[in-house]
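These notes are about the structure you will find just below.
Each ligand, and each atom within it, is numbered from 1 in the order the structure gives.
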Amino acid sequence: MDGGTGCERMRYAAITGWGMAVPDRVLTNADLERMVETTDEWIASRTGIRERRVVGPNDSTTSLGSAAAKQALERAGLTANDIDLIVVATCTPDQFLVSQACLIQAEIGGNAGALDIGAACSGFVYALSQGSVYIQAGQAERVLVIGVDTLTRFVDWSDRSTCILFGDGAGAVVLEATDEPRGLLSTVLGADGAGSKHLYIPGWGGLVPESAELFPEYRPYLQMNGREVFRFAVRVMGDAAAEAVKRAGLSFADIDMLIPHQANLRIIDAAAERLNLPKEKVMVNIDRYGNTSAASIPIALVEAESSGRLKDGDNLVFVAFGGGLAWAAGVVRWGR
Ligand code: UT7
């Protein structure tokens, strides 16, 4: 859109590089059958998950995030020295001080500004929004956005209602300034902090829980009220995605692909139905990775691209929900 003088042009933040990384170790539903009272049939039919990747002793949030970032930079034909800002979305940083973004920078190099975003499973879309805004405001030319989580380090492997859901991984994109309408065209961000009690990890912060008396044995495990989160997810995924399409000035018929947070196939199906999208326009890879939290959308994006499902100018909808309770959606126009 031209400004008042007629010579100002809008800046956009195109996605020019992308990459992903997952640990080598595969944990199948059959493996879980040997660990807790569950079945492959229950997990697959209730969630759509068949296997997930789990960190080993040599993997970390830093190693996965760095590997995805290096791929994304290479794809963009850039090095870390070309980047002005690194934004990392994670709820499982390797340590508190320093930021996860600085830990990844130590691996990939450069001197870009570096900051973390804490929005759990919605984190990647929040971070993409943050990175795009810096570019649109003229504060940065090139931004590296990373979504990475290693939630399997924080699940209680004896709790069948949560341990079957999560996997580990990382995805990254490079954003570059352009005058073409590319990248994030609209954003919807929301949160309901009153719902924080439905999905959280206690004792992983400054507030010391009573159970810390058990220290050093104490480990903070993820707590979740699955039914509440499910109800919330079905509502906000559809609403947020529909609002993002509207804010982009588009209609559902203009959408080429939905790339949703991969938490539960039934939730994804409900969002697709709300947008009136057929299955072939919905990216699903939850069967192989489970819920990788902030990494799930960028991993799905990379796999959509590598399987030849994206073409220049496509309108993609990203939509996510999770701990917060937070949600986020955006329409992304693919291509440089
Ligand atoms: O990024 C956000 C992360 N969180 C989510 O996305 C979670 C959203 N919620 C969900 O995906 C679903 O609520 C779950 C997959 C977690 C659970 O599915 P559900 O259809 O809501 O099951 P439920 O919690 O209502 O449990 C139904 C039954 C219960 O048994 P009873 O009480 O009916 O006898 C559970 O104990 O299924 C039982 N159950 C299991 N059975 C076999 C719970 N987990 C398992 C399991 N294997 N792994």
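- Given atom 39 (N) of ligand 1, the protein heavy atom at minimum distance is Trp42 CZ2, 3.4 Å.
- Protein heavy atom in closest approach to atom 27 (C) of ligand 1: Arg46 NH1, 3.6 Å.
- The ligand atoms of ligand 1 that sit less than 4.0 angstrom from a heavy atom of Val229 are 4 (N), 5 (C), 7 (C), 8 (C).
- Atoms OG1 and CG, from Thr292 and Leu165 in turn, are 12.0 Å apart once rounded to the nearest 0.5 Å.
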Name the atoms and distances for all side-chain donor-acceptor pairs under 3.5 Å in residues 323-336, with sequence neighbours left out.
from   : atom 1 : to     : atom 2 : distance (Å)
Arg333 : NE     : Asn315 : OD1    : 2.9
Arg333 : NH2    : Asn315 : OD1    : 3.3
Arg336 : NH2    : Thr16  : O      : 3.2

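- Distances between N or O atoms of Thr47 and those of ligand 1 include no value under 3.5 Å.
- Take Glu74 and apply the side chain to side chain contact (heavy atoms under 4.5 Å, CB included) test, not counting sequence neighbours, and it matches no residue.
- In this structure, Ile43 has no heavy atom closer than 4.0 Å to ligand 1.
- Residue His261 places at least one N or O, backbone or side chain, under 3.5 Å from an N or O of ligand 1.
- By the 4.0 Å N-to-carboxylate-O rule, Glu176 lies close enough to Arg142 to be salt-bridged with it.
- At least one N or O atom of Gly226, backbone or side chain, sits closer than 3.5 Å to an N or O atom of ligand 1.
- Of the charged side-chain nitrogens involved, none lies within less than 4.0 Å of a carboxylate oxygen, so that Glu33 and Arg160 do not count as a salt-bridged pair.
- Nearest protein heavy-atom contact of atom 11 (O) of ligand 1 is Asn264 ND2, 2.8 Å.
- Using a 4.0 Å cutoff on heavy atoms, Ser161 counts as a contact of ligand 1.
- Under a 4.0 Å criterion applied to the non-hydrogen atoms of Asn291, ligand 1 contributes the atoms 1 (O), 2 (C), 3 (C).
- For atom 36 (O) of ligand 1, the closest non-hydrogen atom on the protein side is Arg160 NH2, 3.0 Å.
- Protein non-hydrogen atoms do not reach within 4.0 Å of atom 33 (O) of ligand 1.
- Between Phe124 and the options Val173, Leu301, Ile146, Ile117, a side chain to side chain contact (heavy atoms under 4.5 Å, CB included) holds for only Val173.
- Taking 4.0 Å as the cut-off between side-chain N and carboxylate O, Glu305 and Arg309 do not count as a salt-bridged pair.
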